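Keep in mind that what you see is a predicted model, and the values were worked out from it rather than measured. First the proteins, then the strands, lettered A, B, ... as listed; each starts at 1.
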2 protein chains.
Amino acid sequence: MELHMDMMDSPCGLDVSLKVIGGKWKPLILYHLQGGPARFSQVKQRVVGISEKVLIQQLRELVAMNVLIRRDHQRVPPMVDYALTPFGETLVETLRPLCEWGTQNRARVAATLASASSQP
Amino acid sequence: MELHMDMMDSPCGLDVSLKVIGGKWKPLILYHLQGGPARFSQVKQRVVGISEKVLIQQLRELVAMNVLIRRDHQRVPPMVDYALTPFGETLVETLRPLCEWGTQNRARVAATLASASSQP
DNA sequence: CGGTATCCCCAACGATACTG
DNA sequence: CAGTATCGTTGGGGATACCG
């Protein structure tokens, strides 16, 4: 069993944010929905490397947190899409600095990663 | 092979950032080093719930990425501390919006989590 | 098209005990 | 104090098959 001693309020809300976008794929999913709603298969194409199983899991969790909404257009063949809620938009905003940091430091991180793996 | 829009440089650097602070604990560790260097045991106390094993793993990876430095003061009993590098400081900066978002939405997220767990 | 259902694997995480 | 060592658990992830 885990000892959750977070009875006192955390000094910062990072723990809250991480409950919502924690996990490997959620930030990427959110990012790729910034431009507007996207269908399941579109999200899958954009989030390179994710499996369908994991994608649907993560989407559902984000829907449950009211970060995304799922819309079923009741068609045959099926037509479903996912979109950021206003709440979700506020969250994705906070990801932007992280995004820019990554863009600026892509080469540096890649280099570090490379030299780290060559020195066991 | 049709539309290789995702194969060109990622639209955003989120993937890079996630390589560095991906994982459950790293953002929290970084956050708790903002005030200045801290010893192993201090970090452990601040990052509530982390085990020693995982903590040392994550610390080492952050050191390897040049986000932290480890300083061994060569004493008995051992005296080691960890501090953000200038590079690490730029990264921790980007976490701040996420932090604030969490603080502002703590109650809402907690409520959503609660109602979600009562509705299987 | 947008999922479900299974099975299986493995890396990450976790708890406890022990050591230089 | 700052870690190792060891063992156990978990859930992300791949592959494949199938359904409404």
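- A/Q42 has its CD atom 13 Å from the P atom of C/dG3, to the nearest Å.
- Nearest heavy-atom pair, B/A38 versus B/R46, reported as atom, atom and distance to 0.1 Å: CB-NH1, 3.7 Å.
- Note on B/R71: every side-chain N or O is 4.0 Å or more away from OP1 and OP2 of D/dA2.
- Here C/dG2 presents its P atom at 8 Å from CE of A/M79, a figure rounded to the nearest Å.
- Applying the 4.0 Å criterion to OP1 and OP2 of D/dG3, one finds that B/Y82 has a side-chain N or O inside that range.
- Straight-line distance from the NZ atom of B/K44 to the P atom of D/dA2: 11 Å, rounded to whole Å.
- Remark: the B/Q34 side chain and the B/R96 side chain contain an N/O donor-acceptor pair separated by less than 3.5 Å.
- A side-chain contact (heavy atoms from CB on, under 4.5 Å) with B/V20 holds for exactly one of A/L113, A/T112, A/L98, A/V109; it is A/V109.
- Of the two residues near DNA chain C, A/L59 and B/G23, the one whose nearest nucleotide lies more 5' is A/L59.
- Judged by the 6.0 Å distance and 45° axis criteria, A/R108 is positioned over the aromatic ring of B/F87.
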Quiz item: Can you give one letter per nucleotide of nucleotides 7-20 of chain D, going 5' to 3': B for a protein heavy atom under 4.0 Å from the base, S for sugar-phosphate only, - for none?
Solution: B----SBB-----B
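- The distance between atom CG of B/L55 and atom P of D/dT4, rounded to the nearest whole Å, is 11 Å.
- In summary, of the residues considered (B/L62, B/L33, B/I69, B/L91), a side-chain contact (heavy atoms from CB on, under 4.5 Å) with B/L84 occurs for B/L33 alone.
- Atom-to-atom, CG of B/D81 to C1' of D/dA2 comes out at 12 Å; the value is rounded to the nearest Å.
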Practice problem: Could you walk me through whether A/D81 and A/R71 pass the salt bridge (Lys or Arg N to Asp or Glu O under 4.0 Å) test, one step at a time? | Solution: CA-CA 5 Å; A/D81 64 18; A/R71 296 182 302 186; 3.0 Å; yes
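- Not one side-chain nitrogen or oxygen of A/S41 sits closer than 4.0 Å to the OP1 or OP2 atom of C/dC1.
- A/L18 places its CG atom 13 Å from the P atom of C/dC13, with the value rounded to the nearest Å.
- Protein atom CD1 of A/I56 is 12 Å distant from nucleotide atom P of C/dA5, rounded to whole Å.
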Exercise. Could you walk me through whether B/L59 and B/R70 pass the side chain to side chain contact (heavy atoms under 4.5 Å, CB included) test, one step at a time?
Key: CA-CA 9 Å; B/L59 286 172; B/R70 184 191 121 114; over 6 Å; no
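- The side chain of B/R39 places no N or O atom within less than 4.0 Å of a non-bridging phosphate oxygen (OP1 or OP2) of D/dG3.
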